[in-house]
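Labels below follow one simple rule: chain letters A, B, ... track the order of the sequence lines, proteins then strands, and each chain is numbered from 1.
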Amino acid sequence: MNRAPTIPDRILDGLNPQQREAAGYSEGPLLILAGAGSGKTRTLTHRIAHLIASGRARPHEVLAVTFTNKAAREMRDRVDALLQNQGRGVWVSTFHSACARILRREIGHMGFEPGFSIYDDADQRTALRRLIKEMGLSDRSYPARSVRSQIDRFKNRGLWPADLRAQDTLDSDRLSEIYQAYQSSLRRANALDFGDLLMLTVRLFQNHPGVLDYYQRRWRFILVDEYQDTNPIQYQLLRLLSQTHQNLCVVGDEDQSIYRFREADIRNILDFEKDFPGARVVRLEQNYRSTQSILDAATAVVQNNVDRLGKRLFTEREGGDPVRFFEAADDRGEASYVVSELLRRREEGLSLKDAAIFYRIHAQSRVFEEELLKYNLPYAVIGGTRFYDRAEVKDALAYLRVLVNRNDSESLARIINRPARGIGATTVARLFEAGNQRNTSLWGGVEASLAEGLLTGAALRRVRAFHALIEELRNHIDQEPVADLLARALDRSSYLQALEEDGSVEAETRRENLRELLAAAEEFAGQNPEPFEAEDEEPRAGTLQLFLEQVTLYSSADTLDGETLALMTVHLAKGLEFRVVFMVGLEEGLFPHFASHSDPVGLEEERRICYVGMTRAQESLYLTNATLRRLHGRVQSNLPSRFLDEIPPDLTVGSTRAARGLPVGAREPPSPEPRIDWNEGQWEGDELPPLEPGSRVEHPIFGAGAITEIVGAGPAAKIRVRFERVGMKTIVLRYAQLRLL
DNA sequence: TGGGAAATTTTTTTT
DNA sequence: AAATTTCCCA
């Protein structure tokens, strides 16, 4: 049956000596420092295939961790192809998916039920918003959004509420209290958030050595891609899992670390040799992807970073097109330039699937979409408002989630009055309170209210009817395929009916989306989601549960195919490559993003993001910027990105501000520039004067100073200025009699 | 009480 | 522009 071991060495054919060394390396920790385009994924897949083909590991003894589920699927397919279908059983997944899978089996040890829900960002926020209100705290001092991200950051660092010390936050008392309350509410709801998937797995391993032992023994070889973007909790997990066999192989590039906001810690890769003594280090420095011009330009940018090991990447693809600069008058002009270039190149035979548009933030996609629609060019926006984030889709999924786990309070709260059935905010608050008092979920509150007569009149009738609806639907869980169950839920809840009666175009779109969701559910049932190895003896989580998990954990970056142009953020572009890349919006304030402006560490990360984007290009790279940009409903005027200025002019063609002697990026404006006074009509409407941190200004009373921070946009923006004579002041731009120096 | 309209606030990047 | 909160009427 297992005929694989006959051809182990052929698997290493076609690799260069360094790739070969890494792929064929036998036992012990292994660090592969792999520059952009140096074939790291190829090396990883060949290593997995070789481990199995040579008989050193059986498929189920290998765990490979990738950054996205899409990457996981690709890697699984490639391994499988190399092994002629003997590769099934290798676990290839993201940290989150792997942990979810472990927890489905083991979470009983932690006092949760196996049918646990997974809360996404929106669920977390609404849960927090309610808790903060319940605790009598002001949502001004504790905006749910920022509390959510702080808690998330704690989790990425592996910190539970009890671990917080004063230095972790300015007001650690209340914050850790909220965090604590939030964790109890998750527990009552039998729910985990994204961070908990990792946190609970680590805690499970720490508290249950027997369970840890099983996984330690089982995974004799562990491989991790994009290691530069792992955070402390992921590091802990890897340490625990690799203890027994020490066969941890990590691949990464410190220049491509772009997830600091998720607590990714570059020291993980810098310190690997210290953390895992005796580690073998292999460097992959030959770039097989890009032309020399592209590589040189990208290197020139990233070289401005202080915090890096430094490496020499080389390519045999000499020369190539110079990098193209284009400065448009505004964002529409930028889009029309990009699309006209696409049309031109398509005439020359470029396939749209070989091109991509990268931007810093999702909001930039819109103008490009409009322009592409004009010419009927097929495109796909990756990420952004994902299909599964649409209100009606979330409603439908909430019904399913409640059927699996009635205690999922966020989902229940979402659907209890959708479609409107007369159970308003006041009633829901009461039900929540009833649940809280009994230390149970919203559903517990519903049951208690019905049993103990806490409600009267219309409210009672309506809640009773809703309760009956859920109970009725639950009877069908095990008897019907996911799609049928979903259709039944939408029908019995009158959700579809309400949309039909609405009659608006919007409602029609929503129904369309629901049909699409039904189709997705059907398709899901058709394919066997994850191949299970016999040894796994995994309790077959219901298909319904697997469907929900996939919908929650799989980002839409995980689907991209056909003859379509891809639009995405640079973050989502990591790990991909395209013949032609347009990186747009290279402007101060946008890229580098203003949130990182005042902080050198943040700026270095922005520079790495830029580097990642540039190195995706194989043949042609376009870098564009717009002088005026409509963003967040306002028009702003941006200087070209300082990153453009960091690229040597001999590698580029096209217009640049620098070539015309105009100010670029962080540089001081040329000095005998006429003084700009924007109180006298040069800057109309919402247009913002060319100000940025670092600009020097003069105030009639305070004298000269330098801008340290700009808050907001347009004339209503405030700026913080450090004046030479009077120190730091905050000034509203509109009223300030400032002059630019 | 519930529902929808109007006013207000807030802007990065993701599993 | 979009998300959220407040306001006002039935």
Side-chain angles (χ1 to χ4, degrees), chain A residues 65-72 93-100 118-122 124-126 129 133 139-140 143-146 149 152-153 155-156 192-198 226 229-231 233-234 257-264 358-367 382-386 389 391 417-430 457-459 462 549-550 552-558 568-574 585 589-597 602 605-606 608-610 612-613 630-636 711-714 716-717:
Chain A
V65 182
T66 58
F67 207 69
T68 64
N69 287 291
K70 176 178 186 241
S93 68
T94 61
F95 277 106
H96 289 87
S97 295
C99 287
I118 300 174
Y119 277 8
D120 66 12
D121 281 21
Q124 294 178 53
R125 275 204 306 275
T126 40
R129 194 169 297 127
K133 197 179 272 176
D139 49 8
R140 290 204 154 269
R145 203 184 194 82
S146 78
S149 83
D152 199 50
R153 293 220 303 281
K155 289 185 175 178
N156 284 327
L192 310 188
D193 64 21
F194 280 14
D196 286 345
L197 290 173
L198 305 185
E226 308 282 7
D229 273 324
T230 50
N231 55 35
I233 189 75
Q234 294 168 333
S257 171
I258 57 174
Y259 281 85
R260 196 170 66 103
F261 66 91
R262 208 161 85 179
E263 302 291 318
F358 301 159
Y359 34 75
R360 179 66 179 84
I361 65 173
H362 289 297
Q364 289 171 260
S365 72
R366 208 185 183 87
V367 260
I382 316 297
T385 308
R386 301 160 34 200
D389 285 340
N417 198 32
R418 212 164 306 177
R421 49 172 75 88
I423 305 178
T426 320
T427 308
V428 175
R430 254 182 221 165
R462 290 158 174 168
E549 186 171 306
Q550 188 162 100
T552 313
L553 294 182
Y554 281 40
S555 69
S556 52
D558 302 339
M568 68 189 93
T569 62
V570 186
H571 281 88
L572 288 174
K574 190 164 84 156
L590 185 58
F591 200 173
H593 195 270
F594 74 90
S596 313
H597 244 222
E605 172 134 323
E606 294 285 324
R608 289 192 295 268
I609 299 170
C610 186
V612 167
R630 183 177 295 275
L631 201 62
H632 308 309
R634 298 180 167 281
V635 177
Q636 44 184 258
V711 185

For A:Glu226, is there any backbone N or O sitting under 3.5 Å from a side-chain donor or acceptor partner on A:Thr230?
no
Name the nucleic acid region contacted by A:Tyr259, choosing base, sugar-phosphate or nothing; use a 4.0 angstrom heavy-atom cut-off, strictly under.
sugar-phosphate
Using the C1' atoms only, state how far C:dT4 lies from B:dT13, rounded to an integer number of Å.
22 Å
Does a side-chain N or O of A:Ser596 approach OP1 or OP2 of B:dT12 to a distance below 4.0 Å, or not?
no
For the pair made of CZ in A:Phe594 and C1' in B:dT12, what is the distance, rounded to whole Å?
9 Å
Among the candidates B:dT12, B:dG3, B:dT1, find the nucleotide nearest to the side-chain atoms of A:Asn417.
B:dG3
Quick one: is A:Thr68 getting a side-chain N or O under 4.0 Å of the B:dT14 phosphate, OP1 or OP2?
no
Closest to the A:Phe261 side chain: B:dT14, B:dT9, B:dT12?
B:dT14
Give the rounded distance in Å between these two atoms: OH of A:Tyr119 and P of B:dT15.
21 Å
So what does A:Ala595 hit on the nucleic acid, given a heavy-atom distance under 4.0 Å: a base, only sugar-phosphate, or nothing?
base
Does A:Asp229 reach the main-chain N or O of A:Ile258 with its side chain, forming a donor-acceptor pair under 3.5 Å?
yes
Is there a donor-acceptor contact under 3.5 Å from the side chain of A:Asn417 to the main chain of A:Gly422?
yes
Report the nucleotide, chosen from B:dT15, B:dG2, C:dT4, that has the shortest atom-to-atom distance to any side-chain atom of A:Leu572.
B:dT15
Can you tell me, in whole Å, how much space there is between the C1' of C:dT5 and that of B:dT12?
24 Å
Can you check whether A:Arg125 has a side-chain N or O nearer than 4.0 Å to OP1 or OP2 of C:dA3?
no
Less than 4.0 angstrom between a side-chain N/O of A:Arg366 and OP1 or OP2 of C:dA2, yes or no?
yes
Side-chain contact test, heavy atoms from C-beta onward, threshold under 4.5 Å: evaluate it for A:Lys574 versus A:Tyr259 and give yes or no.
yes
If you compare every side-chain N and O of A:Arg608 against the phosphate oxygens of B:dT13 (OP1, OP2), does one of them come in below 4.0 Å?
no
Where the side chain of A:Gln234 meets the backbone of A:Phe95, is there a donor-acceptor pair that is under 3.5 Å apart?
no
Has A:Asn156 got a side-chain N or O lying under 4.0 Å from the OP1 or OP2 atom of B:dT15?
no
Would you say A:Thr427 reaches B:dT1's phosphate, i.e. side-chain N/O to OP1/OP2 under 4.0 Å?
no
Closest of B:dT9, B:dT12, B:dT14 to the A:Glu606 side chain is B:dT12
Output yes when at least one side-chain N/O atom of A:His571 is less than 4.0 Å from OP1 or OP2 of B:dT15, else no.
no
Just compare B:dT9, B:dT12, B:dT14 and give me whichever is closest to any side-chain atom of A:His593.
B:dT12
Indicate yes or no for a side-chain donor-acceptor contact from A:Arg608 to the backbone of A:Ser257 under 3.5 Å, with no hydrogens or angles considered.
yes
Just N and O in the side chain of A:Arg260: are any of them under 4.0 Å from OP1 or OP2 of B:dT12?
no
Mind checking if A:Ala425 touches a base, just sugar-phosphate, or nothing, with heavy atoms under 4.0 Å?
sugar-phosphate
Mind checking A:Asp121 for me? I need base, sugar-phosphate or nothing, with any heavy atom below 4.0 Å counting as a touch.
base
